[in-house]
Amino acid sequence: MTKVTFISANGEHRSTVDAAAGQRLLEVAQSDGQPLEGTCEGQMACSTCHVIVAAEDFGRLPPATEMEEDLLDLASHVTRYSRLACQIHLDAALESLTVKMPGAVRNMQGR
Ligand code: FES
């Protein structure tokens, strides 16, 4: 079980949920109602699942692949702690994980 804390883009709202090992962070975020579109459903073709991982947790995650890095280059509000939520698989060894929503959600085209 991993305690996942989501922080809103403006830092005002926090929500902590329990996630089971093996779950993808994108799914955990979406079931908590976080504003991550995840348009390509984890096919690494969109970057709308971009999150900013807390600095202290970043190094505890397996590193991003080159493909993930390339996609992150296209996302807005990218920081050195940015990751794609669809590429983060929760692991039983990870007790807690804190991520923040990026500054702007790329949903310009609406739904
Ligand atoms: S959901 Fe599209 S890259 Fe993660």
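Just so we're clear, the structure is a prediction, and the values are computed from it rather than from any experiment. Read the numbers this way: they start at 1 and go in the same order the structure lists the ligands and their atoms. If you read the sequence from its start, that first residue is 1, and numbering goes on from there.
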Where the side chain of Thr48 meets the backbone of Thr39, is there a donor-acceptor pair that is under 3.5 Å apart? yes
Residue pair His50 / Val78, side-chain heavy-atom distance below 4.5 Å: yes
Testing the basics here: between Thr98 and Asp57, what is the closest heavy-atom pair and its distance to 0.1 Å? N-OD2, 2.7 Å
At distances under 2.8 Å, what protein N, O or S atoms surround atom 2 (Fe) of ligand 1? Cys40 SG, Cys46 SG
Test side chain to side chain contact (heavy atoms under 4.5 Å, CB included) on Val4 and Leu90; report intermediate values, then the result. CA-CA 9 Å; Val4 183; Leu90 298 171; 4.1 Å; yes
Between Tyr81 and Lys100, is a side chain to side chain contact (heavy atoms under 4.5 Å, CB included) present by the stated rule, with each step listed? CA-CA 10 Å; Tyr81 300 118; Lys100 191 167 186 277; over 6 Å; no
What residue pairs, at least two apart or across chains, pass side chain to side chain donor-acceptor pair (under 3.5 Å) with a residue in residues 88-97? none
